[in-house]
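Reviewing the structure listed below.
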Amino acid sequence: MKQRVSALLREKFNCDVILEKPKDRSFGHFATPIAFSLAKELRKSPMAIAEEIAASFNEHEMFGAVESVKGYINFRLSESFLDEYASWALSHGEQFGSSDKKGSILLEFVSANPTGPLHIGHARGAVYGDTMLRLGRHLGYDITAEYYVNDAGNQIDLLGVSLQLEGRSSLLGESVEWPEKYYRGEYLSDLAKEVVELFGAEALRDESRQKELALWAKDKILALIVDDLKAINIEFDTFVSEASLYDEWDRVMAKMGEGVYVNEGKTFIRSSELGDDHDRVVVREDGRPTYLAGDIIYHNQKFERGFEDYINIWGADHHGYIARVKAAITYLGYDASKLEVLLSQMVSLLKDGEPFKMSKRAGTVILMSDVVEEIGSDALRFMFASKKCDTALEFDIEELKRQDSSNPIYYIQYAHARIQTLIAKSEKRMDEIMAAHLHGLSSDADGLLFEALLLPEIIDDAFESRQAQKLPDYLKVLAGRLHKFYYDTRIIGSEDEAALLKLLLVVALSIKTGLSLLGIQAKDRM
RNA sequence: GCGUCCGUAGCUCAGCUGGAUAGAGCACCGGUUUGCGGUACCGGCGGUCAGGGAUUCGAAUUCCUUCGGGCGCACCA
């Protein structure tokens with residue numbers, strides 16, 4: 001819709017014209033302050049210029065009115081245009097707002113270590129990533145959702161030891177020393193029980209079996225993570241195992257050429273020449289690779305697979321890591337600017353004002369699955385999707401358990417359900433409704449229709465600007481307008497019943513489509 | 001100290017590429033249809049957009065700076 005108007009103006013002025021939606025809808029649907037910027041070069045007052053421009057549009061069929069006010073030019077779309085557009089939207093169903101953008105994108109997110117269940121911080125990145133995935137796909141991009149599994153290195157060794165310690169302490173009743181950084185948590189004692197059943201109790205004491213147990217456990221834990229994600233409607237296309245990549249090591253090192261060097265028995269990457277603070281070790285003196293090494297081969301593999309763009313969603317605590325990975329990509333001979341790293345900031349959780357602490361090692365973590373159990377997947381997803389991801393976030397569980405207008409997800413669902421009830425109650429047949437024409441709309445009805453038809457622009461904007469929260473914000477506003485309209489306007493039995501229902505169908509369509517892009521299913525009844 | 005993100009109403013947060021009177025929800029106070037689900041709607045209270053400077057017709061938005069907070073600054077992942 002906006003694109004159509006925008007294109008028209010571009011043609012007329014031969015340049016891109018800023019088009020905005022006036023806060024006060026009595027000004028029209030769109031407005032532009034272009035007269036202000038033209039004032040200087042034309043040596044005329046903005047008002048005079050606006051007058052002239054407005055007059056030149058007066059006969060255009062797309063507009064019902066074009067007026068100039070205090071230098072702004074306000075456009076009001078014609079009813080026939082809106083009606084036509086509404087019919088077009090309804091005929092497209094949930095494809096409304098889709099597009100035919102081209103491009104393949106590899107989207108990597110979550111990638112939590114398979115050493116414990118997901119906690120609430122992971123959930124934020126997961127929801128954000130999945131929302132971007134759904135938005136991007138709706139727009140036509142070919143996106144692969146990938147989970148990188150850190151199943152090599154230290155944390156796997158730690159997992160094996162932790163598992164044995166946990167088993168010996170909780171099952172065999174031994175008193176054991178818990179070193180600070182080892183993993184703790186309920187999931188470990190469950191796993192230890194399984195170990196005893198499958199391998200016998202002696203497996204918990206045999207140090208030589210630590211590795212074997214660790215590898216067994218990480219598969220179990222990964223399966224747990226996958227289940228957790230499924231519970232909030234997130235599924236990945238591919239999982240890439242870090243351990244499986246190391247066969248490529250020599251080839252990748254050779255590929256980096258001068259980008260790496262050996263000093264005092266250690267292998268370094270020359271990342272300081274590409275914006276990093278200093279060069280980083282990739283292979284230790286004893287030959288064990290560092291964490292960075294895994295990421296280097298992984299990103300090499302990503303680029304060899306030949307996507308057009310790459311998006312990584314990382315926790316904010318990894319931001320210092322971006323420079324070195326980009327340096328590696330450059331040394332591997334690829335364009336590092338194709339990798340876009342989006343950071344999701346920390347989450348803290350409140351309950352009655354009391355802050356919860358999150359520490360993976362301490363065993364007092366807030367598990368995502370616990371929160372989902374409390375408030376449900378929909379509320380969790382809506383919550384995280386509504387906040388832009390570069391602000392540290394605090395939220396209170398209790399607020400999200402409410403089932404009234406203070407909880408936006410209920411507010412929106414209720415709007416959708418109200419429409420479905422009206423459709424069911426009406427005697428009008430669907431074909432009558434679809435054939436109805438929208439004309440003589442009140443300003444409330446017009447505002448509601450216009451809002452509902454904005455969905456495509458919102459989707460595009462939310463994805464391209466990587467600001468997922470624009471969609472939830474939009475849905476809140478749309479639902480609010482619907483509720484008000486419902487309150488003010490009698491629909492069943494009115495003269496315009498069919499037309500009004502058509503209008504409401506468009507609203508329902510936008511809500512349903514919008515929610516599905518948030519991984520939430522619209523409800524017909526509540 | 002360096003890097004990075006942030007600072008908007010008492011609280012949790014929006015505010016699009018600079019534009020018309022800075023917005024929601026919560027909390028608090030008050031109100032609502034002889035009607036389709038009151039799980040709704042309306043009104044009131046509440047702001048030096050952290051402070052200062054710059055850019056310009058115009059800044060919450062861009063730039064610089066000070067202050068305050070989160071995160072990171074490993075041969076840990």
Side-chain angles (χ1 to χ4, degrees), chain A residues 16 18-24 27 31-34 36-37 39-40 45-46 69-72 74 112-113 115 150 152-156 158 181 242 264-268 275-278 280-286 288-295 315-323 343 345-346 348 350 353 360 383 386-396 399 402-408 410-411 413-415 417-418 421-422 424-426 457-458 461-462 465 467 469-470 472-474 476-477 479-480 482-494 497 500 525-526:
Chain A
D16 279 324
I18 295 166
L19 209 54
E20 60 196 30
K21 288 167 279 187
K23 275 171 222 152
D24 183 345
F27 285 129
T32 177
I34 189 171
F36 291 100
S37 37
K40 216 171 223 176
S45 82
V69 180
K70 294 199 297 194
Y72 292 86
N74 298 330
N113 290 345
T115 50
N150 287 119
N154 244 332
Q155 75 274 17
I156 290 298
L158 281 183
K181 59 183 178 176
E242 180 187 3
E264 295 173 356
K266 293 173 265 193
T267 307
F268 289 81
D276 198 4
D277 297 337
H278 42 264
R280 308 286 168 175
V281 173
V282 288
V283 184
R284 303 176 180 92
E285 220 166 340
D286 61 9
R288 284 158 51 236
T290 63
Y291 181 76
L292 179 59
D295 256 321
D317 52 342
H318 281 61
H319 82 255
Y321 209 71
I322 299 172
L343 300 175
Q345 295 286 334
M346 303 292 123
S348 44
L350 296 175
K360 191 169 188 180
M383 166 74 206
S386 329
K387 313 294 178 187
K388 55 178 187 223
C389 61
D390 49 10
T391 348
L393 173 64
E394 225 174 32
F395 76 93
D396 198 305
E399 279 177 29
R402 291 191 213 150
Q403 309 218 345
D404 57 35
S405 65
S406 71
N407 188 349
Y410 278 90
Y411 187 70
Q413 290 282 24
Y414 183 41
R418 273 187 148 169
T421 306
L422 286 176
K425 205 160 235 173
S426 169
E457 283 136 61
I458 303 294
D461 188 23
S465 68
Q467 309 257 305
Q469 81 280 0
K470 291 182 178 189
D473 275 354
Y474 164 75
K476 277 188 269 188
V477 170
L482 181 277
H483 286 306
K484 177 159 174 51
F485 184 74
Y486 180 94
Y487 184 82
D488 290 339
T489 314
R490 173 76 187 179
I491 292 152
I492 303 282
S494 81
E497 183 174 329
L500 291 176
R525 271 196 307 260
M526 299 179 65

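Below, each value reflects all heavy atoms present in this structure, side chains not excepted, and no hydrogens, waters or symmetry copies. Every chain is numbered from 1 and lettered A, B, ... according to where its sequence line falls, protein lines coming before strand lines.
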- Query: How far, in whole Å, is B:A9 from B:G51 if one measures between their P atoms?
  - Reply: 11 Å

- Query: Taking A:Gln155 for the side chain and A:Asn150 for the main chain, is one N or O donor matched with an acceptor at less than 3.5 Å?
  - Reply: yes

- Query: Checking A:His483 side chain against A:Gly480 main chain: does a donor-acceptor pair fall under 3.5 Å?
  - Reply: no

- Task: Between B:G44 and B:C5, how far apart are the C1' atoms? Round to whole Å, please.
- Result: 37 Å

- Would you classify A:Ile458 as touching base, sugar-phosphate or nothing, given that sugar-phosphate means primed atoms plus P, OP1 and OP2, and contacts are heavy atoms under 4.0 Å? nothing

Nucleotide N/O of nucleotides 41-43 of chain B paired with protein N/O under 3.5 Å:
residue : atom : partner  : partner atom : Å
B:C41   : OP1  : A:Tyr411 : OH           : 2.4

- Once you round it to whole Å, what is the distance between P of B:G35 and CG of A:Leu500? 19 Å

- Message: Whole angstroms only, please: what is the CZ-C1' distance between A:Phe27 and B:G19?
- Response: 12 Å

- Would you mind reading off the distance between A:Lys21 atom NZ and B:C16 atom C1', rounded to a whole angstrom? 7 Å

- Taking atom C1' of B:G38 as reference, at what distance in whole Å does atom OH of A:Tyr410 sit? 18 Å

- Message: With rounding to the closest Å, how many angstrom separate the C1' atoms on B:G52 and B:A59?
- Response: 15 Å

- Message: Using a 3.5 Å distance criterion without hydrogens, assess whether the side chain of A:Thr290 forms a donor-acceptor pair with backbone atoms of A:Val281.
- Response: yes

- Task: Flag as yes if A:Phe36 stacks onto the base of B:G58 (centroids under 5.5 Å, planes under 30°), otherwise no.
- Result: no

- With C1' as the reference atom in both, quote the distance from B:C28 to B:C11 in angstrom, rounded to an integer. 12 Å

- Message: Between A:Leu292 and A:Tyr321, is there a side-chain heavy-atom distance shorter than 4.5 Å?
- Response: yes

- Task: Starting at atom CG of A:Leu482, determine the distance to atom P of B:C36, rounded to an integer number of angstrom.
- Result: 16 Å

- Note on the structure: Here the gap from A:Glu20 atom CD to A:Thr32 atom OG1, rounded to the nearest 0.5 Å, amounts to 7.0 Å

Please list, for nucleotides 1-8 of chain B, all pairs of protein and nucleotide N/O atoms separated by less than 3.5 Å.
residue : atom : partner  : partner atom : Å
B:G3    : N2   : A:His319 : NE2          : 2.4
B:C5    : O2'  : A:Asp390 : O            : 2.4
B:C6    : OP1  : A:Asp390 : OD2          : 3.3

- Query: Under 30°, 30 to 60°, or over 60°: which ring-plane class applies to A:Tyr72 and A:Phe36, parallel, tilted or perpendicular?
  - Reply: perpendicular

- Could you check whether A:Tyr72 and the base of B:G19 form a stacked pair, meaning centres closer than 5.5 Å and planes differing by less than 30°? no

- Take A:Leu500 and A:Thr489 through the side-chain contact (heavy atoms from CB on, under 4.5 Å) test and state the conclusion after the steps. CA-CA 10 Å; A:Leu500 291 176; A:Thr489 314; 4.3 Å; yes

- Message: Can you tell me if A:Asn113 touches the phosphate of B:A77, counting only side-chain N or O atoms and a distance under 4.0 Å to OP1 or OP2?
- Response: no

- Task: Evaluate the side-chain contact (heavy atoms from CB on, under 4.5 Å) criterion for residues A:Tyr414 and A:Asn407: first the C-alpha distance (whole Å), next the side-chain angles of each, then the deciding distance (0.1 Å), finally the verdict.
- Result: CA-CA 11 Å; A:Tyr414 183 41; A:Asn407 188 349; over 6 Å; no

- Counting any heavy atom closer than 4.0 Å, what does A:Asp276 reach on the DNA or RNA strands: base, sugar-phosphate only, or nothing? nothing

- Task: Please determine, for the side chain of A:Asn154, which listed nucleotide (B:G37, B:A77, B:G19) has the closest atom?
- Result: B:A77

- Nucleotide paired to B:G1 in any strand shown, Watson-Crick or G-U, under 3.5 Å: B:C73

- Give one of base, sugar-phosphate or nothing for A:Thr489, where a contact means two heavy atoms less than 4.0 Å apart. base

- Short side-chain N/O contact to B:G37 OP1/OP2 from A:Tyr486, under 4.0 Å: yes

- Assert: residue with more 5' nearest nucleotide on RNA chain B, out of A:Ala31 and A:Ala152, is A:Ala31

- Message: From NZ of A:Lys470 over to C1' of B:A14, roughly how many Å is that when rounded to an integer?
- Response: 11 Å

- Describe the nucleic acid contact of A:Ala417 in one word from base, sugar-phosphate, nothing, applying a heavy-atom distance below 4.0 Å. base

- With sugar-phosphate meaning primed atoms plus P, OP1 and OP2, does A:Gln413 contact a base, only sugar-phosphate, or nothing at under 4.0 Å between heavy atoms? nothing

- Task: Could you please name the partner base of B:G68, counting Watson-Crick and G-U wobble pairs only when both distances are under 3.5 Å?
- Result: B:C6

- Choose from B:A20, B:A14, B:G38 the nucleotide whose nearest atom is closest to any side-chain atom of A:Tyr414. B:G38

- Query: With a 4.0 Å cut-off on heavy atoms, is A:Tyr291 in touch with a base, just the backbone sugar-phosphate, or nothing at all?
  - Reply: base

- Identify the nucleotide, in any strand shown, that forms a Watson-Crick or G-U wobble pair with B:U33, with both distances under 3.5 Å; if there is none, say none. none

- Does A:Lys21 have any side chain to side chain donor-acceptor pair (under 3.5 Å) partners at least two apart in sequence or in another chain, and if so, which? none

- When all nucleic acid strands are considered with a 4.0 Å heavy-atom cut-off, which category describes A:Lys70: base, sugar-phosphate, or nothing? nothing

- Charged N to carboxylate O below 4.0 Å: is that the case for A:Asp390 and A:Lys388? no

- To the nearest Å, give me how far apart NZ (A:Lys387) and C1' (B:C26) are. 11 Å

- Query: Distance between the C1' atoms of B:C42 and B:C6, in whole angstroms?
  - Reply: 36 Å

- Once you round to the nearest 0.5 Å, how far does CG of A:Asp317 lie from CG of A:Leu343? 9.0 Å

- Item | Flag, side chain of A:Ser426 to backbone of A:Leu422, donor-acceptor distance under 3.5 Å | no

- Task: Hey, which sits more toward the 5' end of RNA chain B by its nearest nucleotide, A:Gly493 or A:Ser386?
- Result: A:Ser386

- When you compare B:A54 with B:G23, how far apart are their P atoms, in angstrom units rounded to a whole number? 27 Å

- Considering only atom P, compute the distance from B:A24 to B:U62 and round it to an integer number of Å. 23 Å

- Task: Give none if B:G47 has no partner; otherwise give the nucleotide forming a Watson-Crick or G-U wobble pair with it, both distances under 3.5 Å.
- Result: none

- Note on the structure: Scanning all shown strands, the Watson-Crick or wobble mate of B:G25 with both distances under 3.5 Å is B:C11

- Is A:Ala323 touching bases, backbone alone, or none of the nucleic acid, heavy atoms closer than 4.0 Å? nothing

- Side-chain donor or acceptor of A:Arg490 paired with backbone N/O of A:Ile492 under 3.5 Å: yes

- Query: Between A:Glu457 (CD) and B:C16 (P), how many Å, whole number?
  - Reply: 16 Å

- Task: Could you work out the separation of B:A14 and B:A77 based on their P atoms and round it to a whole Å?
- Result: 34 Å

